[in-house]
2 protein chains.
Amino acid sequence: MREIEETLESKGIRPTAMRILIYKYMVEKEIALALTDIENAFIKSDRTTLYRTLKTFEENGIVHQIDDGTGTAKYAICEEHCNCELEQDLHLHFHCNSCDETVCLTEHKIPHINLPEGYKAKDVNLVVKGICDKCSGQ
Amino acid sequence: MREIEETLESKGIRPTAMRILIYKYMVEKEIALALTDIENAFIKSDRTTLYRTLKTFEENGIVHQIDDGTGTAKYAICEEHCNCELEQDLHLHFHCNSCDETVCLTEHKIPHINLPEGYKAKDVNLVVKGICDKCSGQ
DNA sequence: AAGTAGGTGCAACAGAAGTGCAATTATTGA
DNA sequence: TCAATAATTGCACTTCTGTTGCACCTACTT
């Protein structure tokens, strides 16, 4: 608990009760969560608060936003030394069509992409869809 | 004009005036278009018609849908022998942060991705964001 | 020409994202 | 300590995209 507070403070944001709870929840869940998911977990709180909390987390490098192609933005806790903004740190995301969960495959880096003349890459997003290990095993 | 009619018919859909116009427009534009873009180009027509036309086109392999991370779905005409549904034919998409246009880089195939044990890939989506050749040249 | 299937337009709705403002809570400094 | 100030939260509302239902029209079939 204290740990979470320190984490938040070290990233330069104030560790309010709400933020600590949301952070804790996201760490425990391990999968990428949509605003709606968090909303359902914290029905007592307002959607706007959760929304802005996620934005704050994102701006301060606590979570990164994932676009897994489902149309709704998802968020996942950044790894220890996650440099989401740097190309070499980008990992791929896997979305399971069966259980509908999205996970970060952090050990799988995105290979370097050769672009045509004149194109400059700033950001790469790679999403693989299919069946995850949990669902394929059954 | 006759050509377009034949193309549509060969894919099994009726070449109505509306469909021919939309198809022509998309071919000429060359970039991936959102429903809103097409809506603005055909203000006389209804959004629903355009929406359903795109759906029909998509179902019949005339266009493919692109998720370029902007949050709104885009559509682009399929190439001659575009097998959008097959993994080996998947090409990458480039979204320019400057002019906000998305293009298909059809000659750039997505490299094969090795997934962890138990994961089965069905679909891969790779979007590179940055500055396109037109914008970087100025 | 009548019947039927497909196409189009209008209205309306759902869900996500985002904004403005007022109320509350936390922090700071006299 | 306590007022002033800044940050956070909750509520109401708007916008945008995607989607569906229904009525009407158009085109093909027989």
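Numbered from 1 within each chain, the chains take letters A, B, ... in sequence-line order. Owing to the predicted nature of the structure, the values given are computational and were not obtained by experimental measurement.
- At least one side-chain nitrogen or oxygen of Ser45(B) sits closer than 4.0 Å to the OP1 or OP2 atom of dG9(C).
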(request) Please test Leu92(B) against Ile113(A) for side-chain contact (heavy atoms from CB on, under 4.5 Å), starting from the C-alpha separation and ending with a verdict. (result) CA-CA 10 Å; Leu92(B) 69 91; Ile113(A) 311 288; 3.5 Å; yes
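- Closest approach of Lys120(A) to Leu115(A), counting heavy atoms only: C-CD1, 4.4 Å.
- Summarising the geometry, the separation between CD1 on Ile20(B) and P on dT8(C) is reported as 10 Å, rounded to the nearest angstrom.
- For the pair Leu8(A) CG and dA26(C) C1', the computed distance is 16 Å after rounding to whole Å.
- When rounded to the nearest whole Å, the span between CG of Leu50(B) and P of dG7(C) equals 15 Å.
- Here Lys55(A) does not pair with Glu59(A) in a salt bridge; the nearest charged N to carboxylate O distance is not below 4.0 Å.
- For Phe57(A) and Tyr75(A), the gap between ring centers reaches or exceeds 6.0 Å.
- Listed for the Lys109(B) side chain is a donor-acceptor partner under 3.5 Å among the backbone atoms of Thr106(B).
- A donor-acceptor pair shorter than 3.5 Å can be found between the side chains of His64(A) and His91(A).
- The nearest whole Å value for the distance from the CD atom in Glu9(A) to the P atom in dA26(C) is 14 Å.
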Which protein N or O atoms sit under 3.5 Å from an N or O of nucleotides 13-23 of chain C?
| residue | atom | partner | partner atom | Å |
| --- | --- | --- | --- | --- |
| dA16(C) | OP1 | Thr36(A) | OG1 | 3.2 |
| dA17(C) | OP1 | Ala73(A) | N | 3.4 |
| dA17(C) | N7 | Arg47(A) | NH2 | 3.0 |
| dG18(C) | OP2 | Tyr51(A) | OH | 2.8 |
| dG18(C) | O5' | Tyr51(A) | OH | 3.0 |
| dG18(C) | O6 | Arg47(A) | NH2 | 3.3 |
| dG20(C) | O6 | Arg52(A) | NH2 | 3.3 |

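- Protein chain B contacts DNA chain D over a range whose 5' and 3' limits, counting nucleotides with an atom under 4.0 angstrom from a non-hydrogen atom, are dT17(D) to dC22(D).
- In this structure, Glu9(B) does not pair ionically with Arg14(B), as no charged nitrogen and carboxylate oxygen lie closer than 4.0 Å.
- Using modelled atom types, one finds a donor on one side chain and an acceptor on the other under 3.5 Å when comparing His95(A) with Thr102(A).
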